[in-house]
Amino acid sequence: MSQNIAVHTNGYQDTDPARLGESPASRMQAVNGHYTNGDAPASTEPSYERVQIINDEKQFTPELTNQVQRWGLQNAGFDYDIVSVFGSQSTGKSTLLNRLFGTNFDVMDETQRQQTTKGIWVCRAKGMNVMVMDVEGTDGRERGEDQDFERKSALFSLASSEVLIINLWEHQVGLYQGANMGLLKTVFEVNLGLFGKKSSDGRSQRTLLLFVIRDHIGTTPLANLRATLTADMQKIWDSLSKPSELKDRQLSDYFDLSFAALPHKILVPDKFESEVQELRKRFIEKSRDDYVFKPAYHKRIPADGVAFYMEGIWEQVQTNKDLDLPTQQELLAQFRCDEISTAALSEFNEQAKPQRRPIESGKVVEALGNMMRNWRKGALDRYDRDASRYHQGVYKRKRADLVGVVDSTLSPLFLGQLKNLHKACLSGFKSEMLEGMRGEGYNFADVVIAARERCEKRFVAGAKEALVEGTDWSYEEELSLLRGEVQSVADQCRKDETKKMINVIERNFKRQISEPVELYLSKPTTDMWDKILSVFRETLDKMESSYLAKAKSFNSTDEENATALATLRIRAWTALRSKIDEQTADTVFLGKLRAYFEERFRYDEQGVPRVWRPDDDIDGAFKKARDQTVELIPLYSKISPIDKSLEYTLPSEPSDYLTSTEDFDFPSTLIIFSETKALDLGNRFRRDADAYYVEAKRSTVSSIAQIPYWMYGVLVVLGWNEAMVVLFNPLYFAMLICLAATAWVIIQLGMVGPLFQLTRTLGNEIHRQVESHLREHFSQPALAQPARARVASDQHDAEETELSELGSRTAEPM
């Protein structure tokens, strides 16, 4: 047994090894059942009623557990003692116990001289933490020759008690049967294994045999009686048939003998009472040398388990099994430790249950580690308090099992807390990353480092708080996973930021090369591609320098920078090619060819528009301009600079982690027009050029077929008379003036348009009416009145519509 055991007695705790198992005389004084040390109210009066634990039918009562509680010994731990009495029937055993311990066992009616105690009774001593067993007397006439119960009750008393009082008369000393020596020999011999085996701490189980010699008149000194009884006991021991491994064992290895003498109760009652009180002091006063309740005699069974212990002893006695006290202690300890462990686990599970759902739902429970530590400590403390008083091997083994169950229950909470903390910290890291990358001028590497440090700090703090002392739990694996995910998030953010930066650079690149490319493609020259590629290179170099300056803050590796630059070059080239494709689309390109052709065909070398005359060489000019224009198609067909140093090359399969594009075929991007496409464009241009040629030819014909100037003079001469008639006739002249005035007014009022519209509307209506009448006139007679009515209705609706439109137009402001 471990010496560091807390013994609880009515709220009192003592861990002094020297005091374990002893009566509480120095810690608690109980006088007539009243406590005087302040641990319990002075009015507390425990029950002192007796209980029959084994009846005369050899049945063990189940009421002992409740009775121990009513006696107030449930929480006494090891701070209690057991004493029993053994002797012949009608020798005053019950009377002696009542006088010594204040019990209330039935005593014999001396006028009847018959058996009083049947079976085995137990009562608590008054004012003492002592359980007193009154055992049925031996050699009674009621049982006759049936010695089975005598033997079993003797075995039970020896196994259960620390002190066995052997009550006998003075005249029985030296007798074999009268002093029950034969019964003791049988008990010792049959159950020698009990005394030969050692307890778990390596010591032999010892019992005090207290011989109380009754009716001692003093003729034979007590010392002589002691010598006689000691010799008889030694003789019995030597005559035992011992196992080979126990042959060298002595009586003193298992028993201590003590003696006391009491005068005659009837003849000298006063002296008897005084001697009884003196003997009582040996059970109370620890300071005495002959104090009987020494730690070596204690069975090391806690008070709350003594009922189970006694029941187990009696069961083995009944079935005639070898009585093995350490085994019984272990069985009792297993039973009680299981009960205590179950109760502790029940309370522990009730405490832990409410926190499972928040953990399973993904929440981080605040102060979970502190709660788990308190739950675990409470369960173990409760177990240690109640179970540490039992067999130490069983106690420690069951405690390890309890720790395993508790830790297995808490472990999912701990792991769940780590996972939830992992998710929360990772989410916080992402948020801090996004917050830190807002605005301009941030340093990506600094943002990542700061956010990572805060994330890991929060996780480690939460994980350490969730740790429980005494477990082998660790958060290093989860921390490693978190670091990996944080790095993945940081890498992804860097990729996203790099992609955004490249997109911005790409847009700037497109904007910067758009105008130069459009200009050079609109005015083609032989070095057109040299100019375009020169601008492309200059702009691309600026963009790459801008990327490298920004990438320093991203803490990117050289490989990542190389990949990003390769992607940037591909995108730049793709942007250039897109602009070229835009400017060389069929419609746009044919427009460029027409403009180029017109510039050379319709304008001379000084840029003056040409007016073709019949004697001009239109055919030669057309052929020359057309040939010069057609020569541009091969120039546009392929990106091919004159200066070979300006040729741009890219790897055919660059490693691009920023895009998921297919394989990039750079050589194919150098071709603008295929041969088929170039032929088609040439044919289409020739058709357009032919139209210009025809137009030029027509312009020369129109200039030849114009009216001669002398015809205008002929018209004036021939129409002179008519003009004079109009001018000099008052009526014609007045009418001319009125018409001119009306025209002037109409022009001034802005009525020219409405007047023309009104005229057209009236003309259309007149035409429609005439057409309608003609159709009616030449139509068949079968076309009856309904059709005419519909036509008339349609005509009426149309007239109203026309008039409404006319009115709205005339109402417009002048």
Side-chain angles (χ1 to χ4, degrees), residues 337-387 395-436 447-493:
C337 289
D338 285 340
E339 280 192 337
I340 297 168
S341 176
T342 301
L345 276 177
S346 177
E347 181 179 355
F348 167 79
N349 289 330
E350 288 297 323
Q351 293 173 330
K353 185 177 180 180
Q355 301 303 330
R356 292 175 184 169
R357 181 169 295 178
I359 291 293
E360 292 173 356
S361 63
K363 296 181 180 179
V364 177
V365 179
E366 294 293 334
L368 177 65
N370 186 52
M371 288 189 287
M372 291 195 297
R373 287 188 289 273
N374 291 335
W375 302 337
R376 187 176 189 269
K377 183 176 183 298
L380 294 182
D381 287 349
R382 178 174 179 176
Y383 176 82
D384 292 340
R385 180 192 67 198
D386 298 334
Y395 155 71
K396 292 177 180 179
R397 185 171 65 253
K398 294 294 182 181
R399 189 182 193 277
D401 295 341
L402 176 61
V403 170
V405 174
V406 169
D407 290 348
S408 65
T409 303
L410 293 179
S411 180
L413 296 179
F414 172 74
L415 296 177
Q417 180 83 334
L418 288 187
K419 292 186 180 299
N420 297 340
L421 193 63
H422 178 142
K423 294 178 182 177
C425 292
L426 186 62
S427 177
F429 173 78
K430 293 179 181 177
S431 299
E432 292 181 5
M433 282 284 297
L434 296 177
E435 184 67 24
V447 171
V448 172
I449 292 173
R452 180 190 290 117
E453 289 178 353
R454 288 191 293 268
C455 174
E456 292 185 5
K457 185 177 180 181
R458 285 194 298 269
F459 179 83
V460 171
K464 286 184 176 179
E465 193 280 330
L467 284 175
V468 176
E469 294 81 0
T471 63
D472 57 353
W473 300 346
S474 174
Y475 58 84
E476 293 298 330
E477 182 178 356
E478 196 69 29
L479 177 59
S480 178
L481 293 176
L482 176 62
R483 285 172 175 166
E485 292 193 21
V486 164
Q487 186 61 42
S488 298
V489 170
D491 292 343
Q492 186 60 44
C493 286

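Given the structure is predicted, the values throughout are model-derived calculations rather than measurements. Computed from heavy atoms alone, side chains included, the values below leave out hydrogens, waters and symmetry copies. Counting from 1, the numbers follow the sequence of the chain as shown.
Note that CG of Asp407 is 8.0 Å distant from CG of Asp472, once rounded to the nearest 0.5 Å. Distance check, rounded to the nearest 0.5 Å: CG of Leu482 to SG of Cys455 gives 4.5 Å. Put simply, CZ on Arg382 and CD on Glu347 are 5.0 Å apart, with the number rounded to the nearest 0.5 Å. Here Asn374 contributes atom CG and Phe348 contributes atom CZ; the two are 11.5 Å apart, rounded to the nearest 0.5 Å. Here Ile340 contributes atom CD1 and Leu345 contributes atom CG; the two are 12.0 Å apart, rounded to the nearest 0.5 Å. In this structure, the separation between CD on Glu477 and CG on Leu418 is 10.0 Å, given to the nearest 0.5 Å.
Closest approach of Ala451 and Glu432 over heavy atoms only: CA-OE1, 3.6 Å. Considering every non-hydrogen atom in both Val448 and Ala490, the closest pair reads CG1-CB, 3.9 Å. Nearest heavy atom pair, residue Ala387 against residue Cys337, reads CB-SG, 3.9 Å. Closest heavy-atom contact between Ala466 and Met372: O-CE, 3.2 Å. Of all the heavy atoms in Thr471 and Val468, the pair that sits closest is OG1-O, 2.6 Å.
Side-chain contact check for Lys464 versus Tyr475: some heavy-atom pair is nearer than 4.5 Å. The shortest side-chain heavy-atom distance between Asp401 and Ser341 does not fall under the 4.5 Å cut-off. For the pair Asn349 and Lys353, the minimum side-chain heavy-atom distance is 4.5 Å or more. Put simply, the side chain of Phe459 does not reach to within 4.5 Å of the side chain of Leu426, judged on heavy atoms.
Screening residues 412-430 for side chain to side chain donor-acceptor pair (under 3.5 Å) gives His422-Glu478, His422-Glu485 as the qualifying pairs, with residues at least two apart or on separate chains.
Of the possible polar contacts, one joining the Arg376 side chain to the Glu469 backbone as a donor-acceptor pair under 3.5 Å is found. Between the side chain of Thr342 and the main chain of Asp338, a donor-acceptor pair closer than 3.5 Å is present. Judged purely by atom type and a 3.5 angstrom limit, Ser346 has no side-chain atom pairing as donor or acceptor with the backbone of Ala343. A distance-only check finds no donor-acceptor pair linking the side chain of Tyr395 to the backbone of Tyr383 [under 3.5 Å]. Judged by distance alone, the side chain of Arg373 and the main-chain N or O of Leu467 form a donor-acceptor pair under 3.5 Å.
The number of heavy atoms from other shown groups lying within 6.0 Å of CD (Glu476) is above 12.
Among residues two or more places apart in sequence or in another chain, the side chain to side chain contact (heavy atoms under 4.5 Å, CB included) test is passed with Glu435 by Arg438.
In this structure, Trp473 and Phe414 have parallel ring planes: the angle between them is below the 30° cut-off, well short of the 60° mark.
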Please table the atom pairs, donor to acceptor, closer than 3.5 Å between any side-chain atom in residues 355-366 and protein atoms at least two apart or in another chain.
{"unit_1": "Ser361", "atom_1": "OG", "unit_2": "Arg357", "atom_2": "O", "d": "3.2"}
{"unit_1": "Ser361", "atom_1": "OG", "unit_2": "Pro358", "atom_2": "O", "d": "2.8"}

